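What follows is a set of notes on a single structure, which appears directly below.
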Amino acid sequence: MEGPSLVILSEELKSFVNKRVLDVSGNSKQDILRLCGRKIKEIKSWGKHLLIRLDKFSVRIHFLMFGSYRINEKKDSAPRLSLACKDGEINFYSCSVSFIEEDIDEIYDWKIDIMSDEWDEKNIRQKIKKGKNSMVCDVLMNQNIFAGVGNIIKNEVLFNLHLHPETLIKDLSSRQIKDLVKEARDYSFKFYEWKKIYELKKHWQIYRKSKCPRCGFPVKIKPTGKGMRRSFYCTGCQVKYKK
DNA sequence: TATAATGTTTGAAC
DNA sequence: AGTTCAAACATTAT
């Protein structure tokens, strides 16, 4: 689940804010019973984290690759964490649950969350320029730079910029780095809009495609970078730049 | 049915 | 001591 999906989830959970947790269950190994009786003060996301701030501490949910949730519904499988409030319940499945004792505003840097109002392009450009020998595919997936960007966004952004995923940062011009930061942000908001109307897959141009929509060349699939996450790229129009 | 995939943490090995 | 990397975790559509 990528950043924009977490923003959608936080919005779907708005009605739980200012509600008290009346019942807790789930197969999480954490001490989830401490949630019982606590009041939900705020629900927001940072990157791929869902953050539920309560009156005494916060809960962090990470969906990793397979996590899912249901609001006022249940799946057949056992929830990792289930929270019941007065007028509804939230069920989280196969996700990572952890507690945060500190004030989340102290430990999360909102300026690097791709969906945040505090997103700071200049700051991101500076961070990117520190890793001259990194590949652009790794930089986009780096949660300490582009918190919330996942493999779909990575592939689509690189396609839109005509960039080969293995291009090194030192081979990009300042202009290209500026465009990279801008496009990652812009595409994430398109992702958000499309996902809300269930049209996400419809707009994929390169991710899981076999033929380039721009030039008709075959799409190459290759695990790239240190992360070795799958890159889908056009063998014709996504070039490895040399400054 | 086997495979692959919107991801990260952990801890062993070097 | 710092880096690297495989393993673990876990689900479901194709």
Side-chain angles (χ1 to χ4, degrees), chain A residues 1-12 26-30 32 45-51 58-70 73-82 91-100 107-109 112-115 130-160 165 183-210 219-233:
Chain A
M1 214 178 284
E2 305 193 20
S5 304
L6 271 294
V7 174
I8 293 170
L9 170 55
S10 334
E11 288 168 358
E12 289 173 342
N27 59 18
S28 167
K29 287 172 186 152
Q30 301 296 313
I32 54 175
S45 66
W46 177 90
K48 298 167 189 171
H49 301 195
L50 178 73
L51 301 168
S58 298
V59 178
R60 189 203 78 170
I61 308 280
H62 199 303
F63 294 94
L64 298 145
M65 203 85 98
F66 311 127
S68 60
Y69 64 90
R70 292 290 185 277
E73 279 179 38
K74 285 185 197 322
K75 292 187 31 163
D76 291 336
S77 52
R80 176 69 29 90
L81 175 64
S82 176
N91 295 302
F92 298 107
Y93 302 87
S94 49
C95 54
S96 148
V97 177
S98 55
F99 289 95
I100 300 170
I107 60 170
Y108 281 96
D109 181 3
I112 68 165
D113 171 9
I114 194 77
M115 299 299 288
K130 284 181 185 164
K132 296 263 180 226
N133 293 311
S134 302
M135 289 180 180
V136 67
C137 57
D138 284 329
V139 169
L140 274 170
M141 294 288 276
N142 185 340
Q143 299 302 297
N144 293 314
I145 301 177
F146 289 101
V149 169
N151 208 31
I152 298 174
I153 296 176
K154 177 198 85 181
N155 279 290
E156 295 293 316
V157 165
L158 292 174
F159 174 77
N160 289 339
E183 179 61 19
R185 169 88 169 172
D186 290 351
Y187 186 82
S188 295
F189 277 86
K190 288 181 191 168
F191 184 120
Y192 166 80
E193 294 297 339
W194 290 328
K195 171 110 188 171
K196 271 205 291 193
I197 56 174
Y198 309 102
E199 274 192 6
L200 188 57
K201 289 182 190 175
K202 183 177 153 184
H203 297 276
W204 288 348
Q205 304 242 60
I206 198 79
Y207 182 73
R208 293 197 186 175
K209 296 291 179 180
S210 54
V219 170
K220 178 150 179 157
I221 306 169
K222 181 189 176 191
T224 60
K226 287 190 176 172
M228 292 297 275
R229 297 296 301 278
R230 282 194 156 192
S231 285
F232 297 77
Y233 57 97

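All chains are named by letter (A, B, ...) in the order of the sequence lines, taking the proteins before the strands, and each is independently numbered beginning at 1. In this text, all values refer to a predicted model and were calculated from it rather than measured experimentally.
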| query | What distance, rounded to whole Å, do you find between the two P atoms, one in B:dT9 and one in C:dT12? | reply | 22 Å

| Please, what dot-bracket string fits DNA chain B when only Watson-Crick and G-U pairs with both distances under 3.5 Å count, crossing ones use [ ] and pairs to another strand use |? | .||||.||||||||

| task | Using whole Å, report how far CE of A:Met141 lies from P of B:dT8. | result | 7 Å

| note | By ring pair (Phe, Tyr, Trp, His ring centres under 6.0 Å), A:Tyr108 pairs with (sequence neighbours left out) A:Trp46, A:His49, A:Trp110

| request: In whole angstrom, give the distance that lies between atom NZ of A:Lys154 and atom C1' of B:dG7. | output: 12 Å

| field | Toward the 5' end of DNA chain C, by each residue's nearest nucleotide, A:Leu64 or A:Ser68 | value | A:Leu64

| Contacts of A:Glu73 that satisfy side chain to side chain donor-acceptor pair (under 3.5 Å) - sequence neighbours left out | none

| said: Once you apply a heavy-atom cut-off of 4.0 Å, does A:Lys29 come out as touching a base, just sugar-phosphate, or nothing? | reply: nothing

| task | With sequence neighbours left out, write down each residue that passes side chain to side chain donor-acceptor pair (under 3.5 Å) with A:Asn144, or none if nothing qualifies. | result | none

| field | B/S/- contact track for nucleotides 9-14 of chain B, protein heavy atom under 4.0 Å | value | ------

| request: Look at the rings of A:His203 and A:Trp194 and say which category their plane angle falls in: under 30° parallel, 30 to 60° tilted, over 60° perpendicular. | output: parallel

| request: Please state whether the phosphate of B:dG7, meaning OP1 or OP2, lies under 4.0 angstrom from any side-chain nitrogen or oxygen of A:Gln143. | output: no

| request: With sequence neighbours excluded, tell me which residues meet ring pair (Phe, Tyr, Trp, His ring centres under 6.0 Å) with A:Phe191. | output: none

| Which residues satisfy the ring pair (Phe, Tyr, Trp, His ring centres under 6.0 Å) test with A:Phe66, sequence neighbours excluded? | none

| said: Output the rounded distance in Å from CG (A:Asn142) to C1' (B:dT8). | reply: 13 Å

| Among all residues two or more places apart in sequence or in another chain, which pass the ring pair (Phe, Tyr, Trp, His ring centres under 6.0 Å) test with A:Tyr93? | none

| task | Please test A:Lys154 against A:Ser231 for side-chain hydrogen bond (donor to acceptor under 3.5 Å, both in side chains), starting from the C-alpha separation and ending with a verdict. | result | CA-CA 8 Å; A:Lys154 177 198 85 181; A:Ser231 285; 3.1 Å; yes

| request: Could you pull out all residues at least two apart from A:Lys201 that satisfy side chain to side chain donor-acceptor pair (under 3.5 Å)? | output: none

| message | Could you work out, with salt bridge (Lys or Arg N to Asp or Glu O under 4.0 Å) as the rule, every residue matching A:Lys202, not counting sequence neighbours? | response | A:Glu199

| remark: Assign each of A:Lys226 and A:Gly67 the nucleotide of DNA chain C bearing its closest heavy atom; nearer the 5' end lies the nucleotide of A:Lys226

| Which nucleotide of DNA chain C is the first, and which the last, in the 5' to 3' direction, to come under 4.0 Å of a heavy atom belonging to chain A? | C:dA10 to C:dT12

| request: State which residues pass salt bridge (Lys or Arg N to Asp or Glu O under 4.0 Å) with A:Lys209; sequence neighbours excluded, sorted by chain then number. | output: none

